[in-house]
Amino acid sequence: MSTREAQPLLSVYHALKKCHGPQYWWPAESPFEVMVGAVLTQNTAWTNVEKAVTNLKDSDCLDPGKIIALPVTELAGLIRPSGYFNIKAKRLRALCVWYIEQGAHSQLSQWNTTELRSALLAVHGVGPETADDILLYAFHRPVFVIDTYTRRIFSRLGIFRDDLPYEDLRLNFEQALPTDSVLFNEYHALLVSHGKDICRKQPRCNLCCLERICINPGFINRQSSGVKYEDFS
DNA sequence: ACCCAGGGTCATA
DNA sequence: TATGACCATGGG
């Protein structure tokens, strides 16, 4: 197996890149649109998010001040296609209130990554993945985003159990890879792109371009606790 | 008529 | 701290 390299995570990255090509992420026209998309895409297909974002644009409301000025029920109406619209309307509002209070992008971009991350996590409706989406794609900070595709792909590869805590997984990636926001950007985008292709039900079908890289199939099923890739490299 | 998607919060034990 | 219920539309 060509794949017991010193850096399995880089091998996976290169295989994905060769297979899927450059991704040009995040699909948005501004940092603020990234933030909106990050909330709207929570447990939701991106195609639905696009409709909601289009509604916001068409009504000239893709702006933090204008979103706050909207009654929550009206905001919910605009983002209806993205699902969970009542909840997401509140979350979007909370994020916009915070964003404006902190002086928007120009002020926030002066914060260091650690304090920006904990401030985001303190906003109602912003959890670890949403915060990291925003940090990476709106503020270009070297933070590795963990989502369901990341868990699914790496557990099938036998590299990480999919039930590792978010933070454990994130730190594993960040410590194993060079600290490079451009790399993290492309890597996560590739994981999503690949994740959309692979079959959910059958554990190892359609690993596609990653087939060669499968480190140790079945390994993770024998473990009761977290595994770092160094444990079997 | 299912199944599920680029999560997060809140209530229980 | 660890599960489970809940949120809801649109595409396969």
Side-chain angles (χ1 to χ4, degrees), chain A residues 12-13 16 20 22-28 31 33-56 58 72-98 117-139 143-156 160-170 173 181 184-203 205-206 208 224-226:
Chain A
V12 171
Y13 171 75
L16 287 172
H20 300 285
Q23 300 296 306
Y24 309 107
W25 261 38
W26 181 287
E33 188 178 335
V34 172
M35 298 172 70
V36 171
V39 170
L40 294 184
T41 199
Q42 290 170 355
N43 203 38
T44 299
W46 183 255
T47 52
N48 287 0
V49 177
E50 286 181 315
K51 299 174 202 286
V53 171
T54 299
N55 287 346
L56 289 171
D58 288 351
V72 209
T73 55
E74 236 175 271
L75 178 56
L78 289 174
I79 63 172
R80 175 180 261 278
S82 70
Y84 307 130
F85 48 83
N86 288 316
I87 290 196
K88 285 176 179 174
K90 288 181 199 164
R91 293 181 181 176
L92 220 43
R93 163 173 268 279
L95 184 57
C96 290
V97 167
W98 171 81
R117 186 168 199 269
S118 36
L120 280 165
L121 288 172
V123 177
H124 176 86
V126 178
E129 188 192 333
T130 306
D132 292 343
D133 280 336
I134 293 172
L135 287 165
L136 179 58
Y137 292 106
F139 290 91
V143 171
F144 201 94
V145 177
I146 306 299
D147 60 8
T148 57
Y149 292 141
T150 312
R151 291 177 181 283
R152 193 175 301 155
I153 291 168
F154 283 90
S155 64
R156 282 183 196 182
F160 296 119
R161 290 175 58 92
D162 65 355
D163 60 351
L164 286 185
Y166 185 96
E167 211 63 359
D168 288 11
L169 219 33
R170 178 173 74 87
F173 278 93
S181 66
F184 291 179
N185 175 324
E186 199 65 13
Y187 205 154
H188 174 239
L190 285 165
L191 288 170
V192 173
S193 180
H194 189 73
K196 287 177 174 170
D197 290 343
I198 70 179
C199 170
R200 300 187 65 263
K201 298 249 162 130
Q202 300 172 21
C205 82
N206 291 342
C208 177
S224 57
S225 63

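Numbers restart at 1 for each chain; the letters A, B, ... are given by sequence-line order, proteins then strands.
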Mind checking Thr148(A) for me? I need base, sugar-phosphate or nothing, with any heavy atom below 4.0 Å counting as a touch. sugar-phosphate
Regarding Arg91(A), tell me which of base, sugar-phosphate or nothing describes its non-hydrogen contacts under 4.0 Å with the strands shown. base
Mind running side-chain contact (heavy atoms from CB on, under 4.5 Å) on Arg161(A) and Ser155(A) for me, showing each step along the way? CA-CA 5 Å; Arg161(A) 290 175 58 92; Ser155(A) 64; 5.9 Å; no
To the nearest Å, how far apart are Leu120(A) CG and dG8(B) P? 12 Å
Is the distance from OP1 or OP2 of dA8(C) to the nearest side-chain N or O of Asn86(A) less than 4.0 Å? yes
Is there side-chain contact between His188(A) and Asp132(A), with heavy atoms separated by less than 4.5 Å? no
Aromatic ring centroids of Tyr13(A) and Phe173(A) under 6.0 Å? no
Given atom CH2 of Trp46(A) and atom P of dG10(C), what is their separation to the nearest angstrom? 16 Å
Reckon Lys88(A) touches a base, only the sugar-phosphate, or nothing at all at heavy-atom distances under 4.0 Å? nothing
Suppose you measure atom P in dG10(C) against the same atom in dG8(B); what distance do you get, rounded to whole Å? 23 Å
Within the 4.0 Å heavy-atom criterion, would you say His124(A) contacts the bases, only the backbone, or no part of the nucleic acid? sugar-phosphate
Would you indicate what Val126(A) reaches in the nucleic acid, counting non-hydrogen atoms under 4.0 angstrom: base, sugar-phosphate, or nothing? sugar-phosphate
Between Leu164(A) (CG) and dA2(C) (P), how many Å, whole number? 12 Å
Roughly how many Å is it from CD in Gln42(A) to P in dC10(B), rounded to a whole number? 13 Å
Over how many whole Å does the gap from Ile198(A) atom CD1 to dA5(B) atom P extend? 11 Å
Just to confirm, is there a sub-4.0 Å distance from OP1 or OP2 of dA8(C) to any side-chain nitrogen or oxygen of Thr44(A)? no
Using ring centroids (six-membered ring only for Trp), state whether Tyr137(A) and Phe184(A) fall under 6.0 Å. no
Side-chain N or O of Lys51(A) versus OP1/OP2 of dG11(C): is the shortest distance under 4.0 Å? yes
First encountered from the 5' end of DNA chain B, between Leu121(A) and Asp147(A): Asp147(A)
Donor-acceptor pair, Arg151(A) side chain versus Leu164(A) backbone, under 3.5 Å? yes
Could you tell me whether Arg152(A) contacts a base, only the sugar-phosphate backbone, or nothing, with contacts defined as non-hydrogen atoms closer than 4.0 Å? sugar-phosphate
As a test of reading the structure: which of dA5(B), dC7(C), dG11(C) is closest to the side chain of Tyr84(A), going by heavy atoms? dC7(C)
To the nearest Å, give me how far apart CG (Asn43(A)) and C1' (dA5(C)) are. 13 Å
How close or far is atom P of dA5(B) from atom CD of Glu50(A), stated in whole angstroms? 18 Å
Indicate whether the side chain of Asp147(A) and that of Thr150(A) have a donor and an acceptor atom separated by less than 3.5 Å. yes
If pairing requires Watson-Crick or G-U wobble contacts with both distances under 3.5 Å, which nucleotide is the partner of dC7(C)? dG7(B)
Could you state the CG-P distance from Leu78(A) to dT9(C), rounded to the nearest angstrom? 15 Å
Please tell me which of the listed nucleotides, dG8(B), dA5(B), dT9(C), lies nearest to the side chain of Thr130(A)? dG8(B)
